[in-house]
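All heavy atoms count here, side chains included; hydrogens, waters and symmetry mates do not.
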Amino acid sequence: MNGIHNLRGYMAAVAIIAASTVIAFLLPRLMPHASLSLVFLTGVLVAAASGRLGPSLLASILAFLTLNFFFTPPFYTFEVADDGDVMTLAFFLVIATITGNLAARMRKEMARREEALKQLSALYDFSRTLSSTSGADEVRFGLQDQLQQTLGRTVTVYTQREEAVPISSAPTTRLALESGESANTFIVIVGTLEPDEHNIALNLTTLAENALQRIKLAEELETTKIAAETEQLRAALLSSVSHDLRTPLASIIGSTSSLLEYGHSFSEAARTDLLATVLDESRRLDRHIQNLLDMTRLGQGKLSLKRDWVDVSDIIASAVSRLENILDGISLETRVPEGAPLLYVHGALVEQALVNLLDNAARFSPEGGCITIVVTPGPETLQLDICDQGPGIPEEEREKIFDMFYTAKQGDRSQLQGTGLGLAICRGMIAAHGGSVTARSGHDGIGTCFSVTLPVAPSRETTTA
């Protein structure tokens, strides 16, 4: 290719000087006093601007000989009759050579700058592409495409685990990624590269190495983050278990041991109170254990839905009956409109979600406070609001309270009661049904309202769940 390009440059130089000769023959008729040497000097400049140094020197020599042969007396010979013409021709040759050389060097410098600009543009485009990549394979395929586009050659990028498929019998250039795990990645480029092409290939390869290193560091950071979060959850779970499970256990142990040791001396009423305490604390313990089990199933994605058509009133009544003792001393108002649509849900899970919400509302309601449960049917969803008269939850924490083990610094959870799992599990159970749970300020800015939204009609996917 380079040989053909050089031959074309020399042929162009000859053609330009021939054209200059024709113009020189015609010019005296149009401009009698014009200097013919300027015509040939212009031709030398044109040849130098369109070719390399060799064609520009050839154009200078041809212009000198043509000016001497056709336009310097005696004509049509290479002899020079006038000594002044000898100096003129000599100066012309020197000036033409210098001018052609400068023009060729300028063109070479422009070509070099254009190539540098092309390389910078390729590096910039590739760096932008790499900034959005997230996988090692994506980086390798991107490098292969960019090299093919920039070099105009066939390129193959493969790893040590893969076999390099022979592309052709032509000479090849081989490169290797030398950063971290990518050291097992190799690049095969068909053909022998020019120095500038080799440099751009190395620069693109370096960008790919940096991207692979970035991806590796991001993966390590994510692994470290997950490990830290897991450790934090484990510590929080152990703390919750040690506190929230030991409290009811202590009451159960104390009541039963008192009955065993001093039961004969207690009155019937006292024994009944102790047994009631055992029953209440056992139920409380059961709720804690159920929440822990539900959390585990939600975290492992093993929560299965056994849907059926249920009445929302029945779910509310069942949830309230499970919390009968906790709701003692609290006024409960339930408003369910007639004709409320049936729900196609897993009744036990939705009931457990309501139990968690009612338990949360009861624990932070003042003595003699009121909890309202309002059902509002819509065209596609059913909304169930549970509102209490507690201290409320700050607006900036109303979303965080649904995070596992989160306890607000003030408001409803300021007493740090409970495991911090109830609301997280509630949201998970409702979300599994395609619904949502949100928290907002209560009526007249007092307390908190939790809004549960559930779809009233099953989709094609849910009916087969």
Side-chain angles (χ1 to χ4, degrees), residues 1-6 8-9 49-54 104-229:
M1 292 295 293
N2 291 333
I4 295 176
H5 182 73
N6 292 334
R8 290 178 179 175
S50 59
R52 299 184 178 181
L53 181 60
R105 290 175 60 184
M106 182 177 295
R107 183 182 183 280
K108 183 178 180 180
E109 181 65 20
M110 291 178 62
R112 189 182 69 82
R113 291 181 179 274
E114 289 179 358
E115 184 62 28
L117 182 61
K118 178 182 176 182
Q119 293 183 11
L120 286 175
S121 178
L123 291 174
Y124 175 71
D125 292 340
F126 190 44
S127 64
R128 288 183 59 188
T129 301
L130 292 178
S131 64
S132 60
T133 56
S134 57
D137 289 339
E138 191 175 354
V139 172
R140 295 185 183 103
F141 291 140
L143 175 62
Q144 178 174 307
D145 294 340
Q146 187 65 46
L147 285 172
Q148 290 184 154
Q149 180 180 351
T150 303
L151 302 177
R153 301 170 184 267
T154 302
V155 179
T156 298
V157 178
Y158 66 98
T159 62
Q160 194 174 43
R161 296 186 301 269
E162 303 169 346
E163 294 184 359
V165 179
I167 303 172
S168 68
S169 58
T172 59
T173 301
R174 295 177 179 267
L175 301 173
L177 295 176
E178 300 176 354
S179 178
E181 295 180 355
S182 61
N184 294 326
T185 300
F186 304 96
I187 305 164
V188 177
I189 304 173
V190 174
T192 303
L193 299 182
E194 296 292 332
D196 55 343
E197 292 178 327
H198 193 267
N199 287 336
I200 186 63
L202 288 178
N203 290 333
L204 291 173
T205 302
T206 300
L207 287 178
E209 290 175 350
N210 294 337
L212 289 170
Q213 189 67 21
R214 171 182 59 81
I215 292 172
K216 180 183 177 183
L217 291 175
E219 292 175 349
E220 292 176 351
L221 180 61
E222 183 65 21
T223 301
T224 303
K225 180 181 178 182
I226 292 174
E229 291 177 348

Novice: Which residues pass the side-chain contact (heavy atoms from CB on, under 4.5 Å) test with Glu138, sequence neighbours left out?
Specialist: Thr133, Ser134
Novice: So among Leu207, Thr205, Leu212, which one has a side chain to side chain contact (heavy atoms under 4.5 Å, CB included) with Glu209?
Specialist: Thr205
Novice: Could you go step by step and tell me if Asn210 and Gln213 meet the side-chain contact (heavy atoms from CB on, under 4.5 Å) rule?
Specialist: CA-CA 5 Å; Asn210 294 337; Gln213 189 67 21; 5.6 Å; no
Novice: How many angstroms lie between CD in Gln144 and CD in Gln149, if you round to the nearest 0.5 Å?
Specialist: 13.0 Å
Novice: In Å, rounded to the nearest 0.5 Å, how long is the span from CG of Leu217 to CD of Glu222?
Specialist: 13.5 Å
Novice: Of all heavy-atom pairs between Val139 and Ala208, which one has the smallest distance, and what is that distance?
Specialist: CG1-O, 3.8 Å
Novice: Rounded to the nearest 0.5 Å, what's the gap from CG on Leu147 to CG on Leu143? Could you check?
Specialist: 4.5 Å
